[in-house]
Amino acid sequence: MSKKLTAYIAPSILNANFDDLENEIKKVSGTADFLHLDIMDNNFVPNFTFDLDQAAHIMKISALKVDAHLMIAEPDYFAPRYAEKGAHSVTFHFEAAKDVPSLIANIRSNGAKVGLAIKPKTPFLDVADYLSDIDMLLIMTVEPGFGGQSFMEDQLEKVIQARSKINSLSLVDVLLQVDGGISENTIEMAAKAGANCFVAGSAVYRDANPANMVAKLRDLANAAFI
Ligand code: DX5
Ligand code: ZN
């Protein structure tokens, strides 16, 4: 039998007020596990958020560990720079990476944990062989680029496949993250499929009480684990 999972909640500030980030981050600092920082370059995805310097500033003002999600076209060069600037974990997209094993090693040697992300059209099998070399697998549950989109239920099959492989390899410390459309209505199905790290942007920041919402999401996920 595999060990019962523990849920980690990572609010995304993509839908927070960018003009008052310090205060927005403080709203969840007491309850969240990580701060999910979406980096978009207007190339890999049709949207721009923060560059490396802006991200470094956010890492400085955040009391939470920063989980940097790089939706950028050149992770081989840039991902290790985010590690160097102090990100707790740096997640790059499989679809954008030129040399996955070297990139994993470079992020790690610059002091961060390694996340590997796949878009909805990328099969789990494309990344299955990297599971023992990474700290987190991110299965996107929307097309990356924008917050506030609907959860893609058809991605849960990949979450089930990934959980089964993680368990069969006894990789108890590898996080299985889902990102996109996570809310009170969807988190339980993602948890039941085997995800244990949940990014939530609009569900948290559109709520009147973001801290309560983080706690509520965590409770729902923990109660859904079998
Ligand atoms: C989408 C981003 C997500 C997004 C989540 O490209 O990677 O982190 O901000 O936002 P919601 O929870 O609103 O889907
Ligand atoms: Zn993200």
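Keep in mind that what you see is a predicted model, and the values were worked out from it rather than measured. Whatever order the structure lists them in is the order used to number ligands and atoms, beginning at 1.
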Does a side-chain N-to-carboxylate-O contact under 4.0 Å join R108 and D133?
no

For M71, counting its heavy atoms only, list the atoms of ligand 1 lying under 4.0 Å from any of them.
6 (O), 7 (O)

Indicate yes or no: at least one non-hydrogen side-chain atom of K216 is less than 4.5 angstrom from one of D219.
no

Distance-minimising heavy-atom pair for I72 and F44:
C-CB, 3.4 Å

For Y205 and P11 the tightest heavy-atom approach is CE1-CB, 4.3 Å

Sub-4.0 Å atoms of ligand 1 with respect to non-hydrogen atoms of P144:
6 (O)

To check your reading of the model: name the closest protein heavy atom to atom 14 (O) of ligand 1, its residue, and the distance in Å.
G181 N, 2.8 Å

Relative to the heavy atoms of A200, which atoms of ligand 1 are at a distance of less than 4.0 Å?
12 (O)

Main-chain N/O of I25 paired to S29 side chain as donor or acceptor, under 3.5 Å
yes

Exceeds 12 heavy-atom contacts within 6.0 angstrom, atom CD of Q149
yes

Residue and atom name of the nearest protein heavy atom (relative to atom 9 (O) of ligand 1), distance in Å to one decimal:
L14 CD2, 3.0 Å

Under 2.8 Å from the Zn ion (ligand 2), how many protein N/O/S atoms do you get? Just the number, please.
4

Quick test: of every protein heavy atom, which one is nearest to atom 2 (C) of ligand 1, and how far off is it to 0.1 Å?
D38 OD1, 3.5 Å

Just by distance, no angles: are the side chains of N15 and S202 close enough, under 3.5 Å, to form a donor-acceptor pair?
no

From the candidates S183, S202, G145, P11, the one that places a heavy atom nearest atom 6 (O) of ligand 1
G145

Which pair of heavy atoms, one from L103 and one from A97, lies closest together, and at what distance?
CD2-CB, 4.0 Å

Element-labelled atoms of ligand 1 that are located less than 4.0 Å from some non-hydrogen atom of G148:
11 (P), 13 (O), 14 (O)

Could you find the nearest protein heavy atom to atom 12 (O) of ligand 1 and give me its residue, atom name and distance?
G201 N, 2.7 Å

With only distance considered, is E143 within less than 3.5 Å of ligand 1 through an N or O on each side?
no

For atom 1 (C) of ligand 1, the protein heavy atom that lies nearest, with its residue and separation
F146 O, 3.6 Å

Considering the heavy atoms of H69, write down every atom of ligand 1 situated less than 4.0 Å from one of them.
7 (O)

How far apart are the closest heavy atoms of M40 and F48, and which atoms are they?
O-CD1, 3.3 Å

Heavy-atom nearest pair, F151 first then G181, reads CB-O, 3.4 Å

Numbering as shown, the atoms of ligand 1 that approach G147 to under 4.0 Å (heavy-atom distance):
10 (O), 13 (O)

With atoms numbered from 1 as shown, which atoms in ligand 1 lie under 4.0 angstrom from a non-hydrogen atom of G180?
14 (O)

Any N or O on Q149 sitting closer than 3.5 Å to an N or O of ligand 1?
no

Are side-chain N/O atoms of H69 and D67 paired as donor and acceptor at under 3.5 Å?
no

What protein heavy atom sits nearest atom 8 (O) of ligand 1, and how far off is it?
D179 OD1, 2.7 Å

Contact atoms of ligand 1, heavy-atom distance to H36 under 4.0 Å:
8 (O)

With a sphere of 6.0 Å drawn around NZ of K119, does it hold more than 12 non-hydrogen atoms of other residues, nucleotides or ligands?
yes

Centres of the F18 and F50 rings: under 6.0 Å?
yes

Minimum heavy-atom distance between S150 and V142, given as atom pair plus value:
O-CG1, 3.4 Å

